[in-house]
Protein chains: 2
Amino acid sequence: MSPDSSLPARALAPRRHEEILRRLGAQGSVSVAELAGFFDVSRETIRRDLKLLSDKGQLGIVHGGAARFEPSEPAMSLRSHENAGGKAAIGRTAAGLVTDGMVVFLDSGTTTLAVAQAMTDLRDLTICTASLKIALLLCHVSGMRVHMLGGEVDPGEEAASGIDMLEAMSRFRVDVAFLGGGALSPDGEVTDFTRAGAEQRSRMIALAAKTYFVLDSSKFAKLTPLRIPNFQRAAGVIVDAKPQADIAEALARKGPELMIAS
Amino acid sequence: MSPDSSLPARALAPRRHEEILRRLGAQGSVSVAELAGFFDVSRETIRRDLKLLSDKGQLGIVHGGAARFEPSEPAMSLRSHENAGGKAAIGRTAAGLVTDGMVVFLDSGTTTLAVAQAMTDLRDLTICTASLKIALLLCHVSGMRVHMLGGEVDPGEEAASGIDMLEAMSRFRVDVAFLGGGALSPDGEVTDFTRAGAEQRSRMIALAAKTYFVLDSSKFAKLTPLRIPNFQRAAGVIVDAKPQADIAEALARKGPELMIAS
DNA sequence: GTCGATGTTGCAATATGTGGCAGTGATCGT
DNA sequence: ACGATCACTGCCACATATTGCAACATCGAC
């Protein structure tokens with residue numbers, strides 16, 4: 001094939017592809033003109049390169065160049081208004097499960113933020129959360145003690161994460177935990193976007209006396225890659241609409257109760 | 001010809017959109033004129049960008065620019081609007097003391113929030129704070145790593161406090177710390193309202209390579225009960241107006257430099 | 001109400017994307 | 001060795017997208 005020949009004044013295609021991907025990783029986007037100048041090839045050639053890489057799913061082509069795919073879910077600020085009504089209903093149902101004196105853990109996410117909103121009428125709770133917005137909201141409610149879990153802040157979630165957060169979390173004795181999730185999978189489990197998220201939620205299930213997942217119906221149609229260990233030990237899954245019958249059945253077999261908010 | 005100068009002639013549309021959303025996250029609003037200047041494109045182009053993003057529901061267009069949707073911003077405490085101009089000047093001066101790669105600690109309080117605001121133009125910093133609002137603000141600035149210190153949340157400060165916060169704080173190696181305070185006392189020291197606050201600030205002085213107190217002029221006339229141990233080891237006190245001559249002299253004798261922002 | 005700043009629209013200029021075609025060099029079969 | 005074939009590339013012509021300009025409509029402050 002190509003014995004790593006000394007650079008023949010022109011970079012070969014694989015070398016270009018490598019460099020293009022490297023730049024994408026570093027800068028997030030590349031332009032056709034810039035690459036054509038850098039490799040000293042025509043713009044058509046660069047476009048063909050980008051087309052190839054695009055067909056392999058390694059980048060997305062935009063007018064003037066190419067951009068990297070955002071691997072994660074959209075940022076929190078973009079999600080907060082989606083299905084607001086359904087989330088509020090879930091919040092009311094979740095708040096109904098809480099009584100005075102309890103220690104409550106609230107996961108980060110827009111649905112759990114709605115749960116926090118619904119809890120502003122309650123008193124005498126100890127709240128434990130890694131979400132900046134939930135802490136900010138509930139710390140002003142009289143009678144609530146809020147413990148913020150520290151750690152590196154994830155901009156997408158607007159919440160602390162990482163090893164420090166896991167360690168801080170593990171110190172608490174929690175009566176009830178409300179967790180978010182990435183999707184409700186066809187086999188009746190809640191799944192997640194990231195290893196870290198799945199691990200954190202798994203630990204919380206083990207830590208809390210009772211754990212409920214809160215998922216609005218926009219999560220039904222999705223698929224996310226990570227299973228959450230211990231899921232079957234959760235007490236329930238609170239949703240705002242009836243999922244497909246087979247998913248409900250699969251969930252019932254696992255154990256957690258399906259609760260439909262209204 | 002063109003040694004790959006970092007002049008890609010023009011940012012691609014997706015890159016502009018990304019930056020617009022980043023600024024929205026950091027500052028809450030953007031203006032058409034400001035963006036047109038920044039990207040070196042016409043105002044029409046920016047308006048078309050904003051229209052697109054608006055159609056996708058990612059921002060709201062207002063006269064002169066665009067604003068982020070606020071899910072439920074709890075009313076900002078009254079303090080934050082007092083002497084806003086002076087605090088902004090302090091913020092600019094403080095931000096001028098910071099350079100790329102530093103680890104910066106930001107205390108809780110409205111003046112340090114102004115410092116954080118002034119830092120949104122910077123990059124490549126590690127921020128360490130117990131303030132919920134500062135963490136929320138700076139986590140959206142690309143290039144900044146934000147570490148939220150956990151602990152019990154003090155509703156008045158909207159920040160973590162207590163033993164957990166002290167412990168988390170002590171793990172960091174900090175290049176520069178910006179601390180608030182209760183008052184600038186007649187004998188040239190910054191004093192505090194509470195034992196816990198004074199203790200926390202004292203430890204931070206010991207921990208950081210350089211420590212600056214930031215105090216707006218409304219703190220000049222006050223008296224608060226607690227001295228801050230180690231105060232004389234602070235590098236400076238940044239204020240927005242010239243304090244009384246005898247106070248300035250007393251401060252000069254202690255050691256910290258008096259810096260008047262403008 | 002007036003005036004300056006901002007938003008809107010149509011249009012022209014420029015930049016970019018697409019497909020066809022030909023030249024080049026390497027590979028391979030004969 | 002020779003020619004056919006193929007992958008790759010650049011050039012060209014044409015389609016499309018994006019942008020800036022200018023004229024006009026609106027908004028908002030005073």
Side-chain angles (χ1 to χ4, degrees), chain A residues 1-24 26-70, chain B residues 1-24 27-70 81 84-85:
Chain A
M1 309 265 81
S2 71
D4 60 333
S5 59
S6 57
L7 213 59
R10 228 358 131 58
L12 302 176
R15 187 153 197 86
R16 288 201 309 269
H17 295 178
E18 198 177 308
E19 172 69 9
I20 288 171
L21 291 175
R22 196 191 62 73
R23 289 187 168 219
L24 263 186
Q27 314 170 15
S29 69
V30 292
S31 89
V32 171
E34 162 199 341
L35 292 169
F38 180 76
F39 294 120
D40 191 28
V41 296
S42 71
R43 286 189 282 270
E44 290 89 334
T45 301
I46 295 296
R47 274 189 220 104
R48 285 162 181 145
D49 287 341
L50 296 182
K51 178 83 164 53
L52 267 176
L53 293 170
S54 166
D55 289 345
K56 285 204 286 177
Q58 304 193 9
L59 49 76
I61 290 183
V62 300
H63 198 89
R68 158 181 45 158
F69 287 123
E70 290 303 332
Chain B
M1 348 238 268
S2 69
D4 68 330
S5 62
S6 60
L7 196 63
R10 259 317 155 59
L12 303 178
R15 189 145 197 90
R16 287 201 308 269
H17 297 176
E18 200 177 306
E19 173 69 10
I20 289 171
L21 291 175
R22 190 192 67 74
R23 289 187 166 219
L24 265 185
Q27 309 170 16
S29 69
V30 292
S31 88
V32 171
E34 161 199 343
L35 292 169
F38 181 77
F39 294 119
D40 191 28
V41 296
S42 71
R43 286 189 282 272
E44 290 89 335
T45 300
I46 296 296
R47 276 189 217 102
R48 286 162 181 145
D49 287 341
L50 296 181
K51 176 86 164 50
L52 267 175
L53 294 171
S54 166
D55 289 346
K56 286 204 286 177
Q58 304 191 359
L59 49 76
I61 289 183
V62 298
H63 198 84
R68 155 180 59 165
F69 292 121
E70 278 304 329
H81 289 297

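Chain A is the first sequence line, chain B the second, and so forth, proteins listed ahead of strands; every chain is numbered from 1.
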*Asks:* Suppose we call a contact any N or O donor and acceptor under 3.5 Å apart; does that hold for the side chain of B:R48 and the base of D:dG20?
*Replies:* yes
*Asks:* With the side chain of B:V41 defined as its heavy atoms from C-beta on, choose the nearest nucleotide among D:dG10, D:dG20, D:dT9.
*Replies:*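 So the side chain of B:V41 is nearest to D:dG20.
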*Asks:* Kindly write out the residues that satisfy salt bridge (Lys or Arg N to Asp or Glu O under 4.0 Å) with A:E19, not counting sequence neighbours, or none if the list is empty.
*Replies:* A:R22, A:R23
*Asks:* For the helix from C:dG1-D:dC30 to C:dT30-D:dA1, measure the angle between the helix axis at one end and the axis at the other, each built from five pairs, rounding to 10°.
*Replies:*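 What I find for the helix from C:dG1-D:dC30 to C:dT30-D:dA1 is an axis angle of 30°.
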*Asks:* Starting at atom CG of B:L52, determine the distance to atom P of D:dT19, rounded to an integer number of angstrom.
*Replies:*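 In whole Å, D:dT19 P lies 10 Å from B:L52 CG.
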*Asks:* What residues form a side chain to side chain contact (heavy atoms under 4.5 Å, CB included) with A:R43, not counting sequence neighbours?
*Replies:* A:V32, A:A36, A:R47
*Asks:* Roughly how many Å is it from CG in B:D40 to C1' in D:dG20, rounded to a whole number?
*Replies:*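 Taking CG of B:D40 and C1' of D:dG20, I get 12 Å after rounding.
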*Asks:* Among B:D49, B:T45, B:I20, which one satisfies side chain to side chain contact (heavy atoms under 4.5 Å, CB included) with B:F39?
*Replies:* B:I20
*Asks:* Could you give the CZ-to-P distance, from A:R43 to C:dT14, as a whole number of Å?
*Replies:* 15 Å
*Asks:* Using whole Å, what does the distance between atom C1' of nucleotide D:dT19 and atom CZ of B:R15 come to?
*Replies:* 20 Å
*Asks:* Counting only pairs under 3.5 Å, give me each side-chain donor-acceptor contact of residues 51-61 of chain A, with atom names and distances, residues two or more places apart or in other chains.
*Replies:*
residue	atom	partner	partner atom	Å
A:K51	NZ	A:D55	OD2	3.2

*Asks:* Among C:dT6, C:dT16, D:dT19, which is the nearest nucleotide to the side chain of B:R47?
*Replies:*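 When the side chain of B:R47 is considered, C:dT6 is the closest of C:dT6, C:dT16, D:dT19.
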*Asks:* What integer distance in Å separates A:L50:CG from C:dG17:P?
*Replies:*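 In whole Å, C:dG17 P lies 8 Å from A:L50 CG.
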*Asks:* Between protein and nucleotides 22-30 of chain D, map the contacts as a letter string: B base, S sugar-phosphate only, - none, heavy atoms under 4.0 Å, written 5' to 3'.
*Replies:* B--------
*Asks:* To the nearest Å, give me how far apart CG (B:D49) and P (D:dT19) are.
*Replies:*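 Those two atoms, CG and P, are 7 Å apart.
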*Asks:* Taking only residues at least two apart or on different chains, which pairs with a member in residues 57-66 of chain A satisfy salt bridge (Lys or Arg N to Asp or Glu O under 4.0 Å)?
*Replies:*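 Qualifying pairs: none.
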*Asks:* Among all residues two or more places apart in sequence or in another chain, which pass the side-chain hydrogen bond (donor to acceptor under 3.5 Å, both in side chains) test with A:Q27?
*Replies:* none
*Asks:* Counting only side-chain N and O atoms of B:T45, is one of them less than 4.0 Å from OP1 or OP2 of D:dG20?
*Replies:*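 Yes, because at least one side-chain N or O of B:T45 sits under 4.0 Å from OP1 or OP2 of D:dG20.
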*Asks:* Please list, chain by chain and in numerical order, all residues satisfying side chain to side chain contact (heavy atoms under 4.5 Å, CB included) with B:V62, sequence neighbours excluded.
*Replies:* B:A67
*Asks:* If I take atom CD from residue A:E34 and atom CD1 from residue A:I46, how far apart are they, to the nearest 0.5 angstrom?
*Replies:* 9.5 Å
*Asks:* Among all residues two or more places apart in sequence or in another chain, which pass the salt bridge (Lys or Arg N to Asp or Glu O under 4.0 Å) test with B:R48?
*Replies:* none
